[in-house]
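Start at 1 and go down the list; that is how both ligands and their atoms are numbered. Bear in mind the structure is a predicted one, so any value in this text is a computation, not a measurement.
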Amino acid sequence: MKKVRLVTAATLALSFALPAAAQMSVEDQIVARKAAYQFMAWNMGKIKAQAIDGDTAFNADQMKAAANAIAAVANSGMGALYSPDSAMDKAEDTRLKPEFFQQPERAREVGMNFGREANKLQEVAASGDKAALARQFAAVGETCKACHDDFRAK
Ligand code: HEC
């Protein structure tokens, strides 16, 4: 009896975990992840303009909003948008290299590094410290680049 209940619980957990990934077509995964990256790039651009280049006056609230948006994307479980069939050897309109699935540990590492630095960006932006934000912007940018260098085709 106890065993049956356990199995049922496990099956239920799985059925909650799967649909988001399972129902989404490869095409939709590609569209969604590209949009997510564009959205992050737009927000990174705002931080660059205000905290680094200075072409726009520094506005701590806007910086906070931009960093929150980046962190939200980073914490959204984007792994669900990466099925092995969505790499460029199998799908259209994507620059995702198949190496992403051949080097899972490296893929996990770059993803974790990005998540950690994005969360730190959110913290730093909340503090309103412009110089610290500029430094953390660079740290995040390095984690974007690390993944692109390994897993995004030119
Ligand atoms: C875990 C790996 C990874 C991280 C981290 C990452 N990217 Fe990317 N990025 C990719 C991949 C893979 C693609 C190609 C997606 C595709 O074509 O399906 C991409 C594509 C893009 C694109 C082009 C989207 C399009 O419309 O084709 C932009 C812009 C971009 N990334 C910006 C960023 C920025 C900015 C960051 C950091 C804030 C970032 N990325 C972090 C892997 C990553």
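Among protein heavy atoms, atom 38 (C) of ligand 1 sits closest to C144 SG, 2.7 Å. Nearest protein neighbour of atom 21 (C) of ligand 1, counting heavy atoms only, is R152 NH1, 3.2 Å. Atom 8 (Fe) of ligand 1 has H148 NE2, 2.0 Å as its closest protein atom, hydrogens excluded (heavy atom only). Taking atom 1 (C) of ligand 1 as the reference point, the nearest protein heavy-atom neighbour is C147 SG, 2.8 Å. Closest protein heavy atom to atom 6 (C) of ligand 1: Y37 CE2, 3.5 Å. For atom 18 (O) of ligand 1, the closest heavy atom belonging to the protein is T94 OG1, 2.6 Å. Among all protein heavy atoms, the one lying closest to atom 26 (O) of ligand 1 is Q38 NE2, 2.8 Å. For atom 15 (C) of ligand 1, the closest non-hydrogen atom of the protein is R33 NE, 4.0 Å.
Under the 4.5 Å side-chain criterion, counting only non-hydrogen atoms from C-beta, N68 is in contact with Q122. Between K97 and R152 the shortest side-chain heavy-atom distance does not fall below 4.5 Å. Taking 4.5 Å as the limit, every side-chain heavy atom of V140 sits out of range of all side-chain heavy atoms of I47. The side-chain heavy atoms of L133 and L121, taken from C-beta on, include a pair separated by under 4.5 Å.
Using a 30° and 60° split on the angle between ring planes, H148 and Y37 fall in the perpendicular class, above 60°.
Below 4.0 Å from some heavy atom of F114 lie the following atoms of ligand 1, by number and element: 5 (C), 37 (C), 38 (C). The ligand atoms of ligand 1 that sit less than 4.0 angstrom from a heavy atom of L96 are 12 (C).
In this structure, I70 falls outside the shell of residues with a heavy atom less than 4.0 angstrom from ligand 1.
For the atom pair CD (Q103) and CD (E109), the distance works out to 11.0 Å, reported to the nearest 0.5 Å.
Among R108, K34, Q29, the residue whose heavy atom lies closest to atom 27 (O) of ligand 1 is K34.
In terms of modelled atom types and a separation under 3.5 Å, the side chain of D28 and the main chain of M24 share no donor-acceptor contact. Side chain of D129 to main chain of A125: no donor-acceptor pair is present (N/O by atom type, distance under 3.5 Å, no hydrogens or angles). Between the E117 side chain and the T143 main chain, no donor and acceptor come within less than 3.5 Å of each other.
Residue R95 has at least one N or O atom closer than 3.5 Å to an N or O atom of ligand 1.
In W42, neither the side chain nor the backbone holds a heavy atom less than 4.0 Å from any atom of ligand 1.
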